[in-house]
Amino acid sequence: MLDIQFIRDNPAVVKEAIDKKRTGSPDLVDRILELDHSWRQAVTEHQELKTEANASAQQIGALMKSGQRDAAQKLIARNTEMKSRLAELESRERSLHANLNGLLYEIPNIPHPTVPVGRTEEDNQVVHEWGKHPSFSFTPRAHWDLIEQHALVDFDRGAKVSGAGFPFYRGQGARLQRSLVQFFLDTATRRGYTEIQPPLVINEDSARGTGQLPDKEDLMYEAKRDGLYLIPTAEVPVTNLHRDEIIPEEELPLKYCAYTPCFRREAGSHGKIVRGLNRLHQFDKVELVQFVHPERSYDALEALREDAEALLVALELPYRRLLMSTGDMGFTQAKKYDLEVWSPGQEQWLEVSSISNFESFQARRMNIRYRPDGGGKPVVLHTLNGSGLALPRIVAALLEHGQQADGSIVLPAALHPWTGFDTIGP
RNA sequence: GGAGGGGUGGCAGAGCGGUUGAAUGCACCGGUCUUGAAAACCGGCAUACCUUCACGGGUAUCGAGGGUUCGAAUCCCUCCCCCUCCGCCA
């Protein structure tokens, strides 16, 4: 959420952001400012009466002590009368504040000036491309064929046991996944990230902190009885790690990496790219999360992006980097890159990483601040995260890129120390 | 799951209906002293919000929410968390 003070001072900027993000009506800002005004009046009124009541309560105490019961009784009577009025003012203040807060949750983050203004994914900019599309002496097959040939993943039995989108990985398929997780975590650790194993379920407060609630609850599986949600990404527990904390400035930046399964209901997602490993309800991902000083968050974004891209280079997978446009970047981000790998068997790009700077948007919701060196007021810090990387589509790309004429699959050298084998099949 | 104990400021730890936002100690910051340091002494030291040009003033917060009362950290109810014992168990 945005700072109410910022909205008071820069209503035009906020309106422009709503417009650019195509996420609601700019009128919202006017309604917020009106509500804010009424709320502040209500606060003042309530507090004034409360001040009066507090003062006479103290007088009553003094009178009682000195035995002036009659004088005390008078004041007591007056305070008793005041009570209902006080309750009224309080509930008015509360409801105004709740309304105001509700509206504040509807305001999107402000896009960074470098973000292209656009309406849809068409307006995202390809800002970088690495590697060549491979050429084959045969027609490359899609990964679902290769998976079937080598019995790497069992979709049908997964559907029987759990449902569509919950596959079994087996044999070299399972081993490949585990190797990738290890490779990603080890690389991140070497680059200064602290490895985390977070809880795989989260409570409501945490879901609210990173912005899954109130709007995107359809995304998550819910354990209703216990008020818990299965994590849609490690971003949620790892970012909430420092919720309601004040971190000494000297400890910044805090960098974490975490491997977790991710659970997504993907309600209402249809279309062409849902086959095979392209879209699942449960998938593995290594997530990178950073807590940084506000002045350094854009440097951190580029470094984080680099951390993710280095993995693709090591895996010899051609990729491109997209700078997301205002219309396609999401509600909570200030700036976001997507990384996509080329899938020769499907002849399309597959998104394997999304790297974002949230600036103070998440941190304000979660109340995560740092204490400046030498003291002073706590300041809201900046949070960032990026996938490093999402597994299934990487697996798909590796299989498709490594396939040989005889159907065997050669894996990139960087992976051999983790897999223990260099070829799958024939 | 059952029985009991407990949650107070960065930490430790008092308070158990009336100037208590909260004693005291430690830590931390500033100062005096000292050639320097330590010790000693003096002062400062929570968070959020409202209000004020400013100095300042005010409100709220002692796990969370509700209640009793003129007045609650202190009494009552519900929930959460931690500890001890028992049960169950990877």
Side-chain angles (χ1 to χ4, degrees), chain A residues 1-9 32-105 197-209 213 223-229 237 240-252 254 261 360 363-381:
Chain A
M1 81 200 304
L2 294 179
D3 185 2
I4 180 71
Q5 192 58 49
F6 180 85
I7 300 175
R8 286 174 194 152
D9 296 341
I32 283 178
L33 291 177
E34 276 171 40
L35 250 181
D36 178 48
H37 184 72
S38 323
W39 169 68
R40 286 198 281 175
Q41 274 186 331
V43 168
T44 304
E45 214 178 322
H46 172 226
Q47 289 187 353
E48 276 169 359
L49 194 66
K50 187 72 188 171
T51 305
E52 203 181 323
N54 283 350
S56 58
Q58 239 175 46
Q59 279 180 38
I60 291 165
L63 290 172
M64 298 285 257
K65 259 189 183 164
S66 61
Q68 299 171 259
R69 298 200 72 92
D70 290 348
Q73 277 309 326
K74 256 189 202 166
L75 283 178
I76 288 174
R78 204 170 62 107
N79 261 24
T80 308
E81 260 173 58
M82 223 185 263
K83 272 186 142 182
S84 65
R85 172 105 184 103
L86 209 49
E88 235 170 73
L89 288 174
E90 186 182 346
S91 82
R92 177 175 154 74
E93 185 211 316
R94 275 195 202 205
S95 92
L96 283 170
H97 194 65
N99 288 345
L100 178 61
N101 251 325
L103 291 188
L104 281 177
Y105 271 99
Q197 281 191 26
L200 304 182
V201 294
I202 44 149
N203 59 29
E204 270 189 39
D205 286 343
S206 298
R208 204 178 308 283
L213 294 180
K224 241 200 170 90
R225 192 172 168 185
D226 299 294
L228 297 169
Y229 298 89
N240 274 282
L241 183 63
H242 292 296
R243 175 150 51 85
D244 292 318
E245 290 183 19
I246 300 170
I247 296 159
E249 180 176 349
E250 60 187 16
E251 287 178 24
L252 299 181
L254 294 169
S360 59
R364 186 166 297 105
R365 280 189 182 202
M366 277 182 282
N367 195 26
I368 309 176
R369 295 166 293 172
Y370 70 91
R371 174 88 60 191
D373 285 339
K377 290 270 175 202
V379 180
V380 179
L381 50 69

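Chain naming here is simple, since letters A, B, ... match the order of the sequence lines and numbering starts at 1 in each. Values reported hereafter were calculated over all heavy atoms of this structure, with side chains retained and with hydrogens, waters and symmetry mates removed.
With A/M366 as the partner, the side-chain contact (heavy atoms from CB on, under 4.5 Å) test is satisfied by one option alone out of A/N240, A/L241, A/D205: A/N240.
Here B/U59 presents its C1' atom at 11 Å from CH2 of A/W39, a figure rounded to the nearest Å. Rounded to an integer number of Å, the gap from CG of A/N203 to P of B/C80 is 13 Å. At whole-Å resolution of the value, CG in A/L86 and C1' in B/A60 are 13 Å apart. Atom C1' of nucleotide B/C49 and atom CD of A/E90 are separated by 14 Å, given to the nearest angstrom. Between the NZ atom of A/K377 and the C1' atom of B/U47 there is a distance of 7 Å, rounded to whole Å. A straight line from CG of A/N367 to P of B/U61 spans 18 Å, rounded to a whole angstrom. Distance A/Q68 CD to B/G18 C1': 15 Å, rounded to the nearest Å. The interatomic distance linking A/L89 (CG) with B/A60 (P) rounds to 14 Å, in whole Å.
The phosphate of B/U51 has OP1 or OP2 within less than 4.0 Å of a side-chain N or O from A/R40. Under 4.0 angstrom from either OP1 or OP2 of B/C50 there lies at least one side-chain N or O belonging to A/R8.
A heavy-atom distance below 4.5 Å is not found between the side chains of A/L2 and A/L104. Within the 4.5 Å cutoff, side-chain heavy atoms of A/R78 are placed close to those of A/M82. With a 4.5 Å cut-off on side-chain heavy atoms, A/E93 and A/L89 do not count as touching.
Among the heavy atoms of the strands, none lies under 4.0 Å from A/R69.
Ion pair A/E90/A/R94 flagged as a salt bridge, since at least one NZ, NE, NH1 or NH2 atom sits closer than 4.0 Å to an Asp/Glu carboxylate oxygen. Checked for salt-bridge contact, A/R40 and A/D36 meet the test: a charged N lies under 4.0 Å from a carboxylate O.
Residue A/R69 places its CZ atom among 12 or fewer non-hydrogen atoms of other residues, nucleotides or ligands, all under 6.0 Å distant. In the displayed structure, A/D70 atom CG is contacted under 6.0 Å by at most 12 heavy atoms of other residues, nucleotides or ligands.
Across all strands shown, B/G10 forms a Watson-Crick or G-U wobble pair with B/C26, both key distances being under 3.5 Å. Across all strands shown, B/A46 forms a Watson-Crick or G-U wobble pair with B/U61, both key distances being under 3.5 Å. When both pairing distances are held under 3.5 Å, B/U34 makes no Watson-Crick or G-U pair with any nucleotide shown. For B/A54, there is no paired base (Watson-Crick or G-U wobble, both distances below 3.5 Å). When Watson-Crick and G-U wobble pairs are counted only if both distances are under 3.5 Å, B/U74 pairs with no nucleotide at all. Across all strands shown, B/G21 forms no Watson-Crick or G-U wobble pair with both key distances under 3.5 Å.
Atom C1' of B/G56 sits at a distance of 34 Å from the matching atom of B/A64, rounded to the whole Å. Taking atom P in both B/C16 and B/C26, the straight-line distance is 24 Å, to the nearest Å. Between B/A23 and B/C77, the two P atoms lie 29 Å apart (nearest whole Å). Separation of the C1' atoms belonging to B/C75 and B/U69 is 10 Å when rounded to the nearest angstrom. The C1' atoms of B/A27 and B/C81 are separated by 27 Å, rounded to the nearest whole Å. Of the P atoms belonging to B/G58 and B/A22, the separation is 12 Å, rounded to the nearest Å. Between B/G66 and B/U47, the two P atoms lie 25 Å apart (nearest whole Å). Using C1' as the reference atom, B/G18 and B/G57 are 23 Å apart when rounded to the nearest Å.
In this structure, A/T44 and A/E52 both approach RNA chain B, and ranking their closest nucleotides by distance from the 5' end singles out A/T44.
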remark   = Under a 4.0 Å heavy-atom criterion, the protein footprint on nucleotides 63-77 of chain B, written with B, S and -, is ---S--BBS------
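Between A/A363 and A/L381, the shortest heavy-atom contact is CB-O, 3.2 Å.
Taking every side-chain heavy atom of A/P378 into account, B/U47 is the closest of B/U47, B/U51, B/U59.
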